[in-house]
J.: 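Please read through the structure below; I'll follow up with questions.
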Amino acid sequence: MRRTAPRTETQQADALQGVAREQWLAMYEQMIKIRAFEEQVNELYRGAKMPGLAHLYTGQEASAVGICQALRPDDYITSTHRGHGHCLAKGARVDLMFAELLGKVSGYCRGKGGSMHIADPQSGNLGANAIVGGGAGIATGAALSAKRRGSGQVSVCFFGEGALGQGVLYEVMNMAALWKLPVIYVCENNLYNEYTHYSEVTAGELRARPAAFGIQCVEVDGQDVRAVYATTRRVVERLRAGEGPAFLISNTYRYFGHHVGDVNRAYYRSKEEELDWKARRDPLAILADWLTGEGLADAGTLEEIERRARAEVAAGVEFALAAPYPDPGEVDQHVYA
Amino acid sequence: MRRTAPRTETQQADALQGVAREQWLAMYEQMIKIRAFEEQVNELYRGAKMPGLAHLYTGQEASAVGICQALRPDDYITSTHRGHGHCLAKGARVDLMFAELLGKVSGYCRGKGGSMHIADPQSGNLGANAIVGGGAGIATGAALSAKRRGSGQVSVCFFGEGALGQGVLYEVMNMAALWKLPVIYVCENNLYNEYTHYSEVTAGELRARPAAFGIQCVEVDGQDVRAVYATTRRVVERLRAGEGPAFLISNTYRYFGHHVGDVNRAYYRSKEEELDWKARRDPLAILADWLTGEGLADAGTLEEIERRARAEVAAGVEFALAAPYPDPGEVDQHVYA
Amino acid sequence: MSMPSAVADREITFAQAVREALAEEMRRDPAVFILGEDVAEAGTPFKVLSGLVEEFGTERVTDTPISEAGFTGIAVGAAMTGLRPVVDIMFGDFLPLAMDQIVNQAAKVHYMSGGKLRVPMVVRTNLGATRRSAAQHSQSLHALLSHIPGLKVVLPSTPYDAKGLLKTAIRDENPVVFFEDKLMFHLKGPVPEGEYTIPFGVADVKRQGTDITLVATSSMVQVALAAAQILEKDGISAEVIDPRTTVPLDARTIVESAKKTGRAIVVDEGHERYGVTAEIASVIAEGAFYHLDAPVKRMGAMDVPVPFSPALEDLTVPTAERVAEAARALCGRT
Amino acid sequence: MSMPSAVADREITFAQAVREALAEEMRRDPAVFILGEDVAEAGTPFKVLSGLVEEFGTERVTDTPISEAGFTGIAVGAAMTGLRPVVDIMFGDFLPLAMDQIVNQAAKVHYMSGGKLRVPMVVRTNLGATRRSAAQHSQSLHALLSHIPGLKVVLPSTPYDAKGLLKTAIRDENPVVFFEDKLMFHLKGPVPEGEYTIPFGVADVKRQGTDITLVATSSMVQVALAAAQILEKDGISAEVIDPRTTVPLDARTIVESAKKTGRAIVVDEGHERYGVTAEIASVIAEGAFYHLDAPVKRMGAMDVPVPFSPALEDLTVPTAERVAEAARALCGRT
Ligand SMILES: Cc1ncc(C[n+]2csc(CCOP(=O)(O)OP(=O)(O)O)c2C)c(N)n1
Ligand SMILES: Cc1ncc(C[n+]2csc(CCOP(=O)(O)OP(=O)(O)O)c2C)c(N)n1
Ligand SMILES: [Mg+2]
Ligand SMILES: [Mg+2]
């Protein structure tokens, strides 16, 4: 299991200079909000209040938050089936997300998309996608568009390491490299494609995949939000300078099952492995430790942040539960614009 | 323009030890047969005797011949739209090929396939393919089958460098590497995808593409049949030993247009470039020079071979022209087995 | 050969029937093997394949990367060279990813080679909405495959049919696309212990009737049967016909029934427009032209991407009530 | 708005009409651009785009690698973020390679996002056999696209229609798949100098008649018109209707014509089974049920992969003679 990022402390320290305490606290708040959000999703599922399934982002919070914090509000992202964290980190509202998860008309997609299709153009979110690798074309196209329009925007394509199996990813990386498009391919390697360890289905070295197209690759400890943030900032700078695409491997772990119903996991991974990640590599603990260690926050501050985040999440659930379903007449609206 | 192959002379010399004069002459004959074949195809096209189009292999003869000579008769190949050379080199008969090109029932595919779909299971040819990259899955699957059946066969997937644009190639290379399948991906880099220089549509280094999957890559001067043969022999040995797939870049050049009607080519490549390849890198001349230089053949022997090859081709054309078209009742036969 | 589907001493689920068919064929023929995502230890997310890897090993029940085009293409090549792959496409919605391999390669190799090469492979996949899985995990795309010559398309609607048809599919010398209804995996039905296969192109009369013909496929067969029960109370006798394979299609049985009843509804979970209902309806309209008392009615899924919200999703698919209502209207009983 | 297609002072080819539409729209709207294989200097193998790169540069007429899925996906993303891509799929046979991007992404984004995102893009591609190009370069796959909600599908049959419909397609806010007939590129027809567009969903009556309705699409419109001429000599007056778009379909015009004539043939170059003829025939059979004197006849391409040999290929596609023959049979004149 690879847990350290191949960056130097100096580089990171440089990049992090000038990052205010407030921003670290904001990241902490986002991360804890995502965690609380997913807890509630699980509850809603177990209480049979949520239709269908959901794929929890719990454990991976530092990845989405560290990356999105390094972006402008108008930068683009595409997300995945495991997308709640990406959407929230990019600026989605908790209440409208819950409403979507429950199929309510007040949700981001009027209840038509659900957990795997949250889209919010206002926050630059071009949509979660239930096709593995489905965002690759879209994110690359958004980068092309940004470049042609000269908007200075960058585009971030989130995917799990399972998407490395999809040929279209290589097709678009080739074009992104040829045309120097401002897109970051973010491979969140949480070690599993559903119920299969990635090493069983992934030949060679991950880093060699982008290298095949001359795309620069950086690898980062996805459990350490400071590392993720610092690395992404550097990468984004290079993109905005027109240096072409980048590939970011964010090494991380999902705490729960592939989806909410995936409870018996012993056949594909051990309880020990899960406990070890939670105990030693928890992104919230890592940031909290650093904040308190540096004297940037005390336990009280962090508790206060957590309380606030949990309150927001609770209110969001309330809102969503009370929200109305779409009118039957909605069913054939929005097929065509 | 890359023209030298990164192999050492010693390696080649080793591999070529024990290759009899007869085999070199056979290769010469095959190459000249392919050349004469394509000349006739062009004639048939210009005389409006061939339906549709064809993509000539002229100039690339050493690649198909050097590779197929290193194979067993029961080894598999898949071919492309530019497939006549591969098919002949693997053992197809000239007359049945011409018949197919003319849509006659005596052709390899009863006239149903035509130039781009010659298939001949008897010689291990699993079919030319008119979808760029279309043979990638098939060749890899044949290798899987060979491995499961323990037959010791290898599978050769011929494609032009344009197929590097097709995602499916990366998908199957990944699986071939994971499962150590006996397949050689042969990238015949003739510098052009139709009317576009490959460098305009291909990012990074070609060699890095197979490397992305941990697949060994060898590059060879595709105009020198001895180099191609020696390299392929080594590669095939490794495959039969169970060491997994290989990727072979064969650097070559097509002398004529992308297809028979592609006559005005100035907008994508210069006359000088064409003349230069023909003058200095002609595969027939290179082998002939070596054969005479080594005293393995004199001009008379080579002329005799050429005469024989041309006679075979001429007879093949005769046969095909005289052959009957399929009966109308054939039209809905062979839809299902 | 076909057996009456109701006669059997035991009941098993649809998923078990599929698994049995696979296991029996894999025991019978060492060339048969399974390729797909999470098919081995996981036995797929639907657990349909549970236990197979334990019996046959990972050489014959092989997990692939998430590469639908790639592993389908590999199956084509394996099928051409002596093996009989059964490819698992986890959701029917992912068929478009493998479309070139299916449409341009598998379906055409035999014809293009003038009959020299064969592609005896099965693509097992699924269809069906109302699982709250939204637009990319709920499609019923069997019409797309049915349009392509060279493919056979199978739509079992009971555990009995699933087992018999899957065994036939595996033994067929052609590429066969086999669609299972995701909602049916837990449905139980009679399946005899002994060996049997069901021929393609033979429709099954799931219920006899005299007043109206309901032609229904896959998931919609149960809907049509339920509609027939409702209609019985109204004094309308509905015949329910399940074509079981859209290619080849048993036009004769369907047309004969429509001739007898003079009225027909075609119910299918694919989108209505340019879908399976169009083909079958026009086969009936042409074949039974002089016997029809009313236009053939088509009931497919709505022509909208499948919405996530339960409040909307349930509106998109034909239900027994709506089929019964349409039948009453057709019979002039409204 | 629509204009009578016959009135114009000049004649240009189908290819020129397409090129003009693109050039005009690219001048009008800087967001419009072209993406595809060999579209720039080569102007595609059919030379349809010749000259565009000279006017608009490689930024707006961009050669891609041979990556149909990839560049179609890129177009989807570009369309979602302010551009209006026109994607060039060199042969309609390659659509299956981009099928996931079209079916699961482009077609569904607007709906899945509850209307928040839009995908205003055009996929330009082609159809048509009898070019001796064999099974992988001759398909007419428009039925597959017509089945998918969220897509619009356009099938121009004249230079005039091609220009007006393509301009409409480019201005549409949705993904539009635009099929050109490869054999028609050199066909000349009247096209006015001035600006015009043609609305989707409005069928064009290409010829008026009273005895039988020939509904024909794309390449088959000329075949139907030629058949109508043959029939005229037999004293049969055929009306030829060109739907121009299969989605949206102008069912009203088609059904009204069938009601008037009482007889109809649907002619389309896609495979017959589960194809476009099935949809249109069942629309007619349902809508004109009480007016039909004979069953609606479908004439699609044969349900075989397209063979290479001229001796076989020509048998697979409807011809004027065969359409006329079928019409005579339908009119009881055999
Ligand atoms: C094209 C496609 N194939 C298969 C699936 C089914 N599926 C959903 S998630 C998943 C595994 C994805 O693994 P990874 O990309 O690593 O993401 P993670 O779930 O680990 O976040 C699979 C196979 C899918 N959604 N899309
Ligand atoms: C999937 C697909 N896309 C596009 C084409 C059209 N096409 C035929 S050959 C060709 C160029 C192929 O170039 P390369 O692979 O280098 O082979 P070469 O012609 O040089 O031998 C293209 C784009 C095709 N046949 N298949
Ligand atoms: Mg993963
Ligand atoms: Mg080339």
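Values below: all heavy atoms of this structure, side chains included; hydrogens, waters and symmetry mates excluded. Order of the sequence lines sets the chain letters (A, B, ...), proteins ahead of strands, with each chain counted from 1.
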J.: Heavy atoms, side chains only, cut-off 4.5 Å: are B:V335 and D:D303 in contact?
T.: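 Side chain of B:V335 against side chain of D:D303, heavy atoms only: no contact under 4.5 Å found.
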J.: Out of B:G133, B:G114, B:G261, B:A163, return the one with the most heavy atom pairs under 4.5 angstrom to chain D.
T.: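 Heavy-atom pair counts peak at B:G114.
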J.: Just so I understand: if I count every heavy-atom pair under 4.5 Å between each of B:Y325, B:Y267, B:Y336 and chain D, which residue has the most?
T.: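 Most pairs with chain D among the choices: B:Y267.
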J.: Would you say CD of B:E318 has more than 12 non-hydrogen atoms from neighbouring residues, nucleotides or ligands within 6.0 angstrom?
T.: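 Incorrect, the count does not exceed 12.
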J.: Can you find a heavy atom in the side chain of B:M50 that is under 4.5 Å from one in the side chain of D:R132?
T.: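 No - every pair of side-chain heavy atoms lies 4.5 Å or more apart.
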J.: Please classify the contact between B:L169 and chain D as side chain, backbone, both or neither, with a heavy-atom cut-off of under 4.5 Å.
T.: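 Contact with chain D: none, neither part.
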J.: Among D:E313, D:M90, D:R131, which residue forms the greatest number of heavy-atom pairs with chain B at distances under 4.5 Å?
T.: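 It is D:M90.
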J.: Within the supplied structure, the quantity of interest is the number of heavy atoms (other residues, nucleotides, ligands) at a distance under 6.0 Å from B:E43 CD; does it exceed 12?
T.: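 Atom CD in B:E43 is crowded, with more than 12 foreign heavy atoms closer than 6.0 Å.
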J.: Can you find a pair of side-chain heavy atoms, one from B:V331 and one from D:M302, that are under 4.5 Å apart?
T.: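 Contact flag for B:V331/D:M302 side chains = yes.
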J.: Could you tell me which portion of D:A42 (side chain, backbone, both or neither) has an atom closer than 4.5 angstrom to a non-hydrogen atom of chain B?
T.: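 Backbone plus side chain of D:A42, per the 4.5 Å heavy-atom cut-off to chain B.
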J.: What part of B:Y268 gets within 4.5 angstrom of chain D, counting heavy atoms only: side chain, backbone, both, or neither?
T.: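 Neither part; nothing is under 4.5 Å.
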J.: Relative to chain D, which of B:I131, B:V105, B:L53, B:D262 shows the most heavy atom pairs under 4.5 Å?
T.: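 Heavy-atom pairs under 4.5 Å are most numerous for B:I131.
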J.: Are any of the side-chain heavy atoms of B:Y195 and D:P45 separated by less than 4.5 Å?
T.: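 When only atoms from C-beta onward are counted, D:P45 and B:Y195 do touch, with a gap below 4.5 Å.
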J.: Report the option among B:H334, B:E194, B:E100 that has the most heavy-atom pairs separated by less than 4.5 Å from atoms of chain D.
T.: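 Ranked by contacts with chain D, first place is B:E194.
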J.: Under a 4.5 Å heavy-atom cut-off, does chain B meet the side chain of D:E37, its backbone, both or neither?
T.: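 Neither part; nothing is under 4.5 Å.
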J.: Cation-pi between B:K104 and D:F308: NZ/CZ under 6.0 Å from ring centre and within 45° of the ring axis?
T.: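 No, B:K104 does not sit over the ring of D:F308.
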J.: For atom CZ of B:R269, is the number of surrounding heavy atoms from other residues, nucleotides or ligands below 6.0 Å larger than 12?
T.: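 Atom CZ in B:R269 is crowded, with more than 12 foreign heavy atoms closer than 6.0 Å.
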J.: Measure distances from B:L164 to the heavy atoms of chain D and classify the residue's part below 4.5 Å as side chain, backbone, both or neither.
T.: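 Answer is neither: B:L164 stays 4.5 Å or more from chain D.
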J.: Does any N or O in the side chain of B:Q166 come within less than 3.5 Å of the main-chain N or O of D:I66, such that one atom is a donor and the other an acceptor?
T.: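 A pair under 3.5 Å: yes.
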J.: Under the 3.5 angstrom rule, does the side chain of D:S67 hit a backbone N or O of B:G165 as a donor-acceptor pair?
T.: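 Looks like yes, one N/O pair under 3.5 Å.
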J.: Between B:C109, B:P326, B:A203, which shows the greatest number of heavy-atom pairs under 4.5 Å with chain D?
T.: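 Most heavy-atom pairs within the cutoff with chain D belong to B:P326.
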J.: Below 4.5 Å, heavy-atom pairs only: which of B:E200, B:H258, B:H117, B:E330 has the largest tally toward chain D?
T.: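 Winner by heavy-atom pair count: B:H117.
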J.: Please determine whether the number of non-hydrogen atoms from other residues, nucleotides or ligands lying under 6.0 Å from atom NZ of D:K47 exceeds 12.
T.: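 More than 12 heavy atoms, drawn from other residues, nucleotides or ligands, come within 6.0 Å of this atom.
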J.: Taking atom CG of B:N193 and atom CG of D:D38, what is their separation to the nearest 0.5 Å?
T.: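 One gets 7.5 Å once the value is rounded to the nearest 0.5 Å.
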J.: Under 3.5 Å, is there a donor on one side chain and an acceptor on the other for D:Q136 and B:N129?
T.: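 Yes, side-chain donor-acceptor contact under 3.5 Å.
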J.: May I ask you to name which of D:L315, D:V304, D:L312 has the most heavy-atom pairs under 4.5 Å with chain B?
T.: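 If we count pairs closer than 4.5 Å to chain B, D:L312 comes out on top.
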